[in-house]
Trainee: 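To start, I am sharing the structure in question, which I have written as structure tokens.
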Amino acid sequence: MIQVIKNVLLTNGQKTDILIENGRIKDIVANAEGFYPVLLDAEGMYASPGWIDLHTHAFPKYKPYCASPDKIGYQTGVTTVVDAGSSGANTIEEFYKIAKTARTRVLAFLNVSRVGLERIDELANLDSISWEAIRDTANAYPSFIIGLKARMSASVIGDSGLKPLQLAVKYSTTLNKPLMVHIGSAPPMLDEILSLLNKGDILTHCYHGKSPNHIFQNNGEVDPALADAVQRGVYLDVGHGKSSFSFQIAKKAKETGIFFDTISTDIYEDNQINGPVYSMADTLTKFLTLGYSLETIIRAVTETPAQILNRPRLGNFNSGSYAEFTFFTVEKETKILTDSLGNEIITSQVIKPQAVFLGGEYIELEKHYSCEV
Ligand code: ZN
Ligand code: ZN
């Protein structure tokens, strides 16, 4: 049976009706009045394909980088959460079982260290990186594991140098899956990391402010290795997190034309409750306040991450795609927003998720997840 969602506002300003059949999008048409049963009248709300958060911590096992998938997922307007390496090969079976019980779609970058975030120096011991374990795990969960993750910053790698990254690049290439690389305090230096990344790989925490290893470390000029990497097809992901997002770097990046591909939160229990992340909606509001258009911002949590994940039925309104939507409003409201360094900006408009359409059901959201000022 074909049903219709009426009067949704798209981020390009057009108003439309969405026709749905058997959990898939049938078509979007200007006005389907009178022909089909109305599932919902969405008057007054924007609708986008369901939001995808490319960098989260959705495996509840290890503190502090943990959260329950639905609490950071559909309950905040995010219909797909991608876990960024909370689990390595040792615990993937346990994680998969939890993921399957969630209403939110959960996908995972497998940590190249088999211990995952059981330790926060998971790459200090090279023995924890096993090709056999990575290969067997990726083969056992071919649609759940969408890529590999390596955290390449000083406290994670110990004395391992670039070796974990060299192995991660080799293994992700062999598996033909993307590699997400976390950057932070040196060593290794950003240019050393970037020079190893290939087309389709993802650099997360791209606007972090940790000196001297951020993207403007060369006397305030953009690192030439970054321009080269972007040219090659390396994606830039925001990965806000507790300590990895600087308004100053993000502003300068916009002025310089170093644009993000995807906006992700790096959310977990603590930075959701105590900030500075709070939610995907708050993170999106930060980019709205920095002067990006709503269309650009929403593309960075729908179409672009779906392409990176190689999931053609996610992230768009094409005929045949999953009928998964996020409904939201942009409201005039004054609110203070904080980055990971404690710097504040004041916004006069706030993105607020109102509901999701997921699993054939329209679910209105509770309002407790966003920070109140
Ligand atoms: Zn990280
Ligand atoms: Zn993370």
Side-chain angles (χ1 to χ4, degrees), residues 52-69 71-73 76 78 80-88 91 95 106-113 115-124 145-158 160 164-165 168 178-188 190 193-194 197 201-210 213-215 234-246 249-250 260 262-280 283 301 305 308 339-341:
I52 301 166
D53 192 340
L54 197 63
H55 184 161
T56 70
H57 292 281
F59 182 34
K61 192 176 174 78
Y62 302 126
K63 285 192 183 314
Y65 306 116
C66 61
S68 119
K71 283 192 180 157
I72 56 168
T76 73
V78 174
T80 298
V81 295
V82 186
D83 182 87
S86 305
S87 173
T91 48
F95 182 24
V106 183
L107 302 170
F109 287 100
L110 178 72
N111 199 313
V112 293
S113 168
V115 300
L117 297 185
E118 182 186 339
R119 316 171 52 97
I120 54 168
D121 62 346
E122 76 271 14
L123 295 175
I145 293 173
I146 47 76
L148 301 182
K149 171 85 188 284
R151 299 200 307 145
M152 293 301 294
S153 56
S155 59
V156 181
I157 62 170
S160 299
L165 182 58
L179 171 67
M180 178 184 268
V181 176
H182 141 130
I183 53 169
S185 297
L190 180 64
I193 294 172
L194 286 164
L197 302 187
D201 291 340
I202 306 131
L203 188 82
T204 190
H205 308 316
C206 66
Y207 299 150
H208 83 76
K210 292 168 193 167
N213 215 21
H214 57 68
I215 58 175
V234 172
Y235 295 110
L236 301 184
D237 173 60
V238 169
H240 186 315
K242 188 163 190 134
S243 58
S244 301
F245 180 66
S246 154
I249 299 287
F260 56 80
T262 50
I263 299 176
S264 67
T265 58
D266 190 12
I267 200 164
Y268 48 88
E269 223 168 54
D270 179 66
N271 70 26
Q272 179 180 35
I273 295 166
N274 300 313
V277 176
Y278 296 110
S279 67
M280 175 57 91
T283 306
V301 290
I308 293 172
D339 71 3
S340 301
L341 292 90

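Computed from heavy atoms alone, side chains included, the values below leave out hydrogens, waters and symmetry copies. Atoms within a ligand are numbered from 1 in the order they appear, just like the ligands themselves. FYI, the numbering just counts along the sequence from 1.
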Trainee: Mark yes when over 12 heavy atoms from residues, nucleotides or ligands other than I120 sit less than 6.0 Å from its CD1; otherwise mark no.
Mentor: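 No, the 6.0 Å shell around CD1 holds no more than 12 heavy atoms from other groups.
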Trainee: Taking only Lys NZ, Arg NE, NH1 and NH2, and the carboxylate oxygens of Asp or Glu, determine whether K71 and E269 approach each other closer than 4.0 Å.
Mentor: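 No.
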Trainee: Restricting to under 2.8 Å, identify the protein N, O or S atoms around the Zn ion (ligand 2) as residue plus atom.
Mentor: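 As for protein N, O or S atoms lying under 2.8 Å from the Zn ion (ligand 2), they are H55 NE2, H57 NE2, D266 OD1.
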Trainee: Does K242 have any salt bridge (Lys or Arg N to Asp or Glu O under 4.0 Å) partners at least two apart in sequence or in another chain, and if so, which?
Mentor: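 Counting only residues at least two positions away or on another chain, K242 forms a salt bridge (Lys or Arg N to Asp or Glu O under 4.0 Å) with D270.
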Trainee: Relative to the Zn ion (ligand 1), which of the N, O or S atoms in H205 is the closest?
Mentor: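 For H205, the N, O or S atom at the smallest distance from the Zn ion (ligand 1) is NE2.
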Trainee: Could you grab the distance from atom CD1 of I183 to atom OG1 of T204, nearest 0.5 Å is fine?
Mentor: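 Answer rounded to 0.5 Å: 8.0 Å.
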Trainee: Angle class for the H205/H55 ring planes (parallel below 30°, perpendicular above 60°, tilted otherwise)?
Mentor: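 The arrangement is tilted - the two ring planes meet at 30° to 60°.
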Trainee: Using the side chain to side chain contact (heavy atoms under 4.5 Å, CB included) rule, take T265 and T56 through it: C-alpha gap first, then chi angles, then the decisive distance, then the call.
Mentor: CA-CA 6 Å; T265 58; T56 70; 4.3 Å; yes
